[in-house]
Amino acid sequence: MLYIIRHGKTDWNLKHKLQGKTDIPLNDMGRVMAKEAGELYKDINFDICFCSPLVRARETAELLLQGRDIPVIIDERLTEMGFGIYEGTENVFEKPECPVRELFFNPASYKPVGGAESLESLISRTGEFLNEKVWPLMDEGKDVLIVGHGAMNSAIIGQIRNTPLEKFWAEGIENCRLIKLL
């Protein structure tokens with residue numbers, strides 16, 4: 001089986017700030033969410049966990065899997081999508097002048113500016129990760145968990161479910177909600 005989960009809440013989540021590759025830690029609510037998820041999903045088998053190198057994902061993985069003998073492997077390709085100079089921008093949904101807003105309302109038309117990452121780049125690196133790490137383990141019958149982020153998780157889900165870019169956000173990536181993909 002293949003599962004994916006997004007990190008717990010951060011202070012930037014609460015302030016509706018774009019986090020991207022900025023390394024923001026979990027807040028107390030996020031830590032509670034990760035521990036509660038650990039209890040909720042304790043009976044689901046995971047043979048291995050792959051995780052983003054960002055602290056909010058790493059801490060979520062540690063708390064979620066606490067007390068279980070499951071290796072957590074950090075993979076740079078699971079880092080959140082980069083938003084360049086727009087990282088830290090608050091309330092993007094309410095700012096039509098912000099180019100990153102297009103990513104959330106019309107992802108197929110999104111054009112990165114200011115050092116932001118393209119969807120094509122995100123999909124390429126997560127696709128490479130799936131091909132190199134996940135599919136061989138799945139072929140061995142292993143149960144794999146991926147701990148990541150909203151856009152990064154959406155890229156993986158979209159590739160597995162053949163979702164068109166227009167529906168990039170269709171899954172609604174909630175914090176600490178486990179999604180069974182295969």
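Sequential numbering from 1 along the given sequence is applied to the chain's residues. Just so it is clear, the model here is predicted, and its values are computed rather than measured. Values below: every heavy atom of this structure, side chains too, minus hydrogens, waters and symmetry copies.
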Output all residues satisfying ring pair (Phe, Tyr, Trp, His ring centres under 6.0 Å) with F168, sequence neighbours left out; order by chain, then residue number.
none
Residue set satisfying salt bridge (charged side-chain N to carboxylate O under 4.0 Å, His left out) with D28, at least two apart, ordered chain then number -> R31
Does T89 reach the main-chain N or O of V92 with its side chain, forming a donor-acceptor pair under 3.5 Å?
no
Under 3.5 Å donor-acceptor, N13 side chain and T10 backbone:
yes
Treating T79 as the side-chain partner and E76 as the backbone partner, does any N or O pair qualify as donor plus acceptor under 3.5 Å?
yes
Determine, step by step, whether T22 and W12 satisfy the side-chain contact (heavy atoms from CB on, under 4.5 Å) criterion, reporting the C-alpha distance in whole Å, the side-chain angles of both residues, the deciding distance to 0.1 Å, and the verdict.
CA-CA 10 Å; T22 305; W12 279 27; 3.8 Å; yes
Donor-acceptor pair, W169 side chain versus L103 backbone, under 3.5 Å?
yes
With a 4.5 Å limit on heavy-atom distance, are the side chains of I44 and K180 in contact?
no
Where at least one partner belongs to residues 153-162, residue pairs that pass salt bridge (Lys or Arg N to Asp or Glu O under 4.0 Å), sequence neighbours excluded
R161-E171
Taking the side chain as everything from C-beta on, heavy atoms only, tell me whether I146 gets closer than 4.5 Å to L2.
yes
Is a side-chain N or O of S124 found less than 3.5 angstrom from the main chain of E120, in a donor-acceptor match?
no
How long is the straight-line distance from CD1 of I5 back to CG of N153, given to the nearest 0.5 Å?
9.0 Å
On a heavy-atom basis, which atom in P107 and which in L119 lie closest, and how many Å separate them?
O-CD1, 3.3 Å
In Å and rounded to the nearest 0.5 Å, what is the CG to NE2 distance from L63 to H7?
13.5 Å
Could you check whether atom NZ of K133 has more than 12 heavy atoms from other residues, nucleotides or ligands sitting under 6.0 Å from it?
no
Listed by chain and number, what are the side-chain hydrogen bond (donor to acceptor under 3.5 Å, both in side chains) partners of D23, not counting sequence neighbours?
none
Please list all pairs meeting salt bridge (Lys or Arg N to Asp or Glu O under 4.0 Å) that have one or both residues in residues 37-58, counting only residues at least two apart or in different chains.
E39-K42
Which of L122, V100, I123 passes side-chain contact (heavy atoms from CB on, under 4.5 Å) with M81? Answer is L122
Test of understanding: clusters of I, L, V, M, F, W, Y form through side-chain heavy atoms closer than 4.5 Å, transitively. Do V134 and I156 belong to the same one?
yes
In short, C98 meets Y86 closest at the heavy-atom pair SG-CD2, 3.7 Å
Can you list every ring-ring contact (aromatic ring centres under 6.0 Å, His included) pair that touches residues 56-83, not counting sequence neighbours?
none
R77: partners by salt bridge (charged side-chain N to carboxylate O under 4.0 Å, His left out), with sequence neighbours left out:
D75, E128, E132
Where the side chain of R177 meets the backbone of G172, is there a donor-acceptor pair that is under 3.5 Å apart?
yes
So CD of Q66 and CZ of R68: to nearest 0.5 Å the spacing works out to 12.0 Å
All heavy atoms of A155 vs all of T126, minimum pair found to be CB-OG1, 3.8 Å
Only pairs under 3.5 Å count here: list side-chain donor-acceptor contacts from residues 136-144, not counting sequence neighbours, and write none if there are none.
| unit_1 | atom_1 | unit_2 | atom_2 | d |
| --- | --- | --- | --- | --- |
| D143 | OD1 | M1 | N | 2.8 |
| D143 | OD2 | N45 | ND2 | 2.7 |

With sequence neighbours left out, write down each residue that passes side-chain hydrogen bond (donor to acceptor under 3.5 Å, both in side chains) with R125, or none if nothing qualifies.
E117
Quick check: closest heavy atoms across L145 and F46, and the distance to 0.1 Å?
CB-CD2, 3.7 Å
Verify same cluster id: M152, L54 (apolar side-chain graph, 4.5 Å):
no
I160 side, atom CD1; I179 side, atom CD1 - distance, nearest 0.5 Å:
10.5 Å
Rounding to 0.5 Å, atoms NZ (K167) and OG (S154) come to a distance of 14.0 Å
In terms of heavy-atom contacts, C49 and L65 come closest through CB-CD1, 3.7 Å
Without hydrogens or angle criteria, can the side chains of E80 and S52 be said to hold a donor-acceptor pair below 3.5 Å?
no
Contact summary for C176 and A37, nearest pair of heavy atoms
O-CB, 4.0 Å
So if you build clusters from Ile, Leu, Val, Met, Phe, Trp, Tyr with side-chain heavy-atom gaps below 4.5 Å, do L40 and V32 land together?
no
The remaining residues in the hydrophobic cluster of M29, counting side-chain heavy-atom contacts under 4.5 Å among Ile, Leu, Val, Met, Phe, Trp and Tyr, are L14, M33
Polar side-chain atom of R6 near backbone of I173 as donor-acceptor pair, under 3.5 Å
yes
Residues at least two apart in sequence or cross-chain that pass ring pair (Phe, Tyr, Trp, His ring centres under 6.0 Å) with Y110, listed by chain then number, are none
I157 reachable from L130 in the ILVMFWY side-chain graph, under 4.5 Å edges:
yes
For residues 91-105, which residue pairs pass the side chain to side chain donor-acceptor pair (under 3.5 Å) check, not counting sequence neighbours?
E102-N106
What is the distance from atom CG of L178 to atom CG of L64, rounded to the nearest 0.5 Å?
7.5 Å
Applying side-chain contact (heavy atoms from CB on, under 4.5 Å), run through F50 and V147 and close with a yes or a no.
CA-CA 6 Å; F50 289 100; V147 180; over 6 Å; no
For residues Y3 and Y41, establish whether the separation of their ring centroids is below 6.0 Å.
no
